[in-house]
Structures are given as C-alpha cells and as structure tokens.
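Here it is, the structure in full.
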Number of protein chains: 4
Amino acid sequence: MSGSIEIAGDQLRAIIERIEQVEEEIKELTDAKKEIYMEAKGNGFDVKILREVIRMRKQDPAERDEQASLLDVYLQAINGASPAGKKAA
Amino acid sequence: MSGSIEIAGDQLRAIIERIEQVEEEIKELTDAKKEIYMEAKGNGFDVKILREVIRMRKQDPAERDEQASLLDVYLQAINGASPAGKKAA
Amino acid sequence: MSGSIEIAGDQLRAIIERIEQVEEEIKELTDAKKEIYMEAKGNGFDVKILREVIRMRKQDPAERDEQASLLDVYLQAINGASPAGKKAA
Amino acid sequence: MSGSIEIAGDQLRAIIERIEQVEEEIKELTDAKKEIYMEAKGNGFDVKILREVIRMRKQDPAERDEQASLLDVYLQAINGASPAGKKAA
DNA sequence: CACTGGAAAATGCCGC
DNA sequence: GCGGCATTTTCCAGTG
C-alpha cells in the first residue's frame, strides 16, 4: 500500500537531489564565465563584441554566410521597394 | 528584371513598418509607466519596494495555485506515467 | 493616527492599479507584435533576420560602423596572434 | 609593425579559449541534467511536473521571506521616504 | 561615470 | 515543422 509510494518517494528524492546538484555545478561555472568576462572588461575588451566573436565561432561558416546574404537580400528589398521608382534601375 | 532577389519588397516594408509602429506605442506606454513611478517617488513612496509589491501581485495567483496543489504534484510525479487513475495497473 | 496611513493606503492602491493597467496594455501590444512576426513567418519571411533588420534600423549608422569595425579588429587580432609566426609579416 | 591594430591578440585568444572551455563544461553538465530527466521519465515520472517541483524548491526560501514581510513591505512603501524610524516626521 | 541589479527581448530546445 | 518553455543575453535605471 504505502509500499510503492515509499519507493517512488525515495526515487523522487534521489532524482531531485541529483538534478539540484548538477544545477549547482552549472551555476558555479556560469559564475566563472561571468568573471572571465569581467576580467576581460577590466583589461579593456568590449564584452559585447567578445560575445559576438564567440557566437560566430560556434556557427559554421556556411551557415554564417547564408545568414549574411539573406540579410543583404532583405535590406536591398527594403531599399528597392516602392520609393522613387528605381524598381529595375 | 531582378527576379528572385526582388522578394516581396513592399510586403517586407509593410511588415517592418507595422512592427515599428507597435514598438513605438509600447515605448510610449513604457514611458508612461516610468512617469507613474517617478510621481509616486515624488509622493514619498519607495520605488524599489513598489516594484516588488507589483511583482508579488503578479506572481501571487499562480503561486497560490501551485502551493495548493503541491501535494498533488508530488503524487502525480510519483506515478505520472499512468494518466487516468490506473491505480496500480 | 490611522489617518495618514489610510490616505497613503488609498494613494498606494491607486498607484498600483494605474501601473497594472499600463502593464496590461503593454502586454496586449507585445502580443500584437508577436502576431505580426508570426504572420510574417507564415508568409515565408525569416523572423530572426527580420529582427536583425529592425535592430539595425534603430541604431544610428555611425554607431553601427563602429561596432562592425571593432568586430573586425577582434577577428583579425585572433587570426594574427601567435600561430605560425606571422607576427609582423 | 601593425601598431594599434595588433591589440593584445594573444590575450584575446586566451580569453576566448577560456570562455569556450567553460562553456564546454557547462554543456556537458547540461547534457547530464537532460539525461537525468530522461532517466526519470523512463522510470515513470512526469518531467514537466518534476521541473515544477524543482523550480518551487528554488523559489521557496525567497518566497517565504517575501510572504512573511508583505505587510512590512506595504508599510515601508507608504513611508519609504523616511528611512530610519522617523515615526511621523 | 562605471557597476550592479532587475526588467525585457531573443535565441535555442523539446515535445507534439 | 511548429508552438511553447526555459535559458541566455541585452538593455536600462539607480547608486556609489
């Protein structure tokens, strides 16, 4: 009766503790990351650009180019839309 | 003609303008909100605490539900796999 | 005695309600914005790029160029660092 | 020499590599966390509810404090401008 | 005037 | 493949 619940309860507790443990470790690393950024900032680096560099390195080059050209397409589409009839210039 | 490049320039413009319009309105309201806080501050209220009160009021309804069903939640978690009162399957 | 508290209480309530009212309106507009993006997506536009276009339009050109060139500086600094002794090439 | 352009390339590289290293470790832990959830799911637990339980446990201590001092908070808000028991100033 | 903390936005992920 | 959720990132106001 209370048997299967007890067992599940123990299991549940174990799961929760494991997850909380891992989350704790993640938090430590996240803090470490922040510190590195802060240190970099202290050395005169621009944190925002730094993040962008890291983001770029994560992305594969093909994908990057594709996004860049799509952006160009959009920008040109905006400029080339209706204003001043340069439609097919 | 420029063909595949000229992708719906007019449509794109329309979308962008609509979004920018909405963002403009949001900005106005955000400013109004700030003004209310400032006015409150001028009347001797502590803005930080005011924000906290509002935050709590937002969370409270949700919180109440969660609190009320905490035990249920645990019980469900323990045998969440049997959805529909399959007691002991 | 309870006098000044009462008055302040009314005032407090009024402030809170005004803010909550404004926040409600902001939420509606935010939802509207989301819908526009979703509609655009339904028409084949890339939401992420769309967001970038809008972000770019908000930023003044000078600032934009500055960021872009700083990014270049960083990227070149990475490539030109130690590897393969091209230090002063 | 390239002068002002060659801005601390080595330093920059070191920073980036450190960050990427830490992010790698975070990713491993994140994956571990996911695995725990998956394992739990395999044992009949409802992942969504599990997440909720963990979230509540995180919020609970803070929540308790906030709840306990709600009245205080309101009272402070009402005369927050007099910090240090200036009774009726 | 840079730092800190908190609100708002954006991105990525997971399940359906 | 899409919509919703959770995390992460960015922005901004207050503060020393």
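Any value given below was found using the heavy atoms of this structure, including those in side chains, with hydrogens, waters and symmetry copies removed. Residue numbering restarts at 1 for every chain, and letters A, B, ... go by the order of the sequence lines.
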In this structure, how many angstroms lie between the C1' atom of dG5(E) and the CZ atom of Arg51(B), rounded?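 For the pair Arg51(B) CZ and dG5(E) C1', the rounded distance is 11 Å.
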
Name the residue closer to the 5' end of DNA chain F, choosing between Val47(A) and Lys33(D) according to the nucleotide with the nearest heavy atom.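 Checking each residue's closest nucleotide, the 5'-ward one belongs to Lys33(D).
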
Worked check of side-chain contact (heavy atoms from CB on, under 4.5 Å) between Arg18(A) and Val22(A): CA-CA 6 Å; Arg18(A) 280 209 286 155; Val22(A) 173; 5.7 Å; no

Mind checking Met38(A) for me? I need base, sugar-phosphate or nothing, with any heavy atom below 4.0 Å counting as a touch.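 If one applies the 4.0 Å heavy-atom cut-off, Met38(A) turns out to touch nothing in the nucleic acid.
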
For Lys58(A) and dT9(F), what is the distance between atoms NZ and C1' respectively, to the nearest whole Å?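 It works out to 11 Å between those atoms.
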
Ignoring the backbone of Lys41(A), work out which of dC3(E), dA10(E), dC13(E) is nearest its side chain.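 Nearest to the side chain of Lys41(A) among the choices is dC3(E).
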
Could you check how far CZ of Arg55(C) sits from C1' of dA8(E), rounded to whole Å?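 Arg55(C) atom CZ is separated from dA8(E) atom C1' by 14 Å.
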
Starting from C1' on dT8(F), measure out to CG on Leu29(A) and report it in whole angstrom.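 The distance from CG of Leu29(A) to C1' of dT8(F) comes to 15 Å, rounded to the nearest Å.
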
If I take atom CD1 in residue Ile54(A) and atom P in nucleotide dT8(F), what distance separates them, rounded to the nearest angstrom?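 Between P of dT8(F) and CD1 of Ile54(A): 15 Å.
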
For Gln21(C), the option from Glu23(C), Glu17(C), Glu25(C), Glu24(C) that meets side-chain hydrogen bond (donor to acceptor under 3.5 Å, both in side chains):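 One option only clears the test, and that one is Glu25(C).
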
When the distance from CD of Glu35(C) to C1' of dG3(F) is rounded to whole Å, what number comes out?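 The distance from CD of Glu35(C) to C1' of dG3(F) comes to 14 Å, rounded to the nearest Å.
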
I'd like to know if the side chain of Tyr74(A) reaches the main chain of Leu12(B), judged simply by a donor and an acceptor atom lying under 3.5 Å from each other, with no hydrogens or angles considered.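 Judged by distance alone, no pair lies under 3.5 Å.
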
Round to the nearest Å and state the distance from Tyr37(D) atom OH to dG15(E) atom P.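 Taking atom P of dG15(E) as the reference, OH of Tyr37(D) is at 12 Å.
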
Reference residue Glu20(B); test salt bridge (charged side-chain N to carboxylate O under 4.0 Å, His left out); the match among Arg57(C), Lys33(C), Lys58(C):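 Of Arg57(C), Lys33(C), Lys58(C), salt bridge (charged side-chain N to carboxylate O under 4.0 Å, His left out) with Glu20(B) is met by Arg57(C) alone.
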
Between Lys48(C) and Lys48(B), which is nearer to the 5' end of DNA chain E once each is assigned its nearest nucleotide?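 Taking each residue's closest nucleotide, the earlier one in sequence belongs to Lys48(B).
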
Interatomic distance, Ile36(A) CD1 vs dT9(F) P [rounded to whole Å]: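 It is 13 Å, rounded to the nearest whole Å.
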
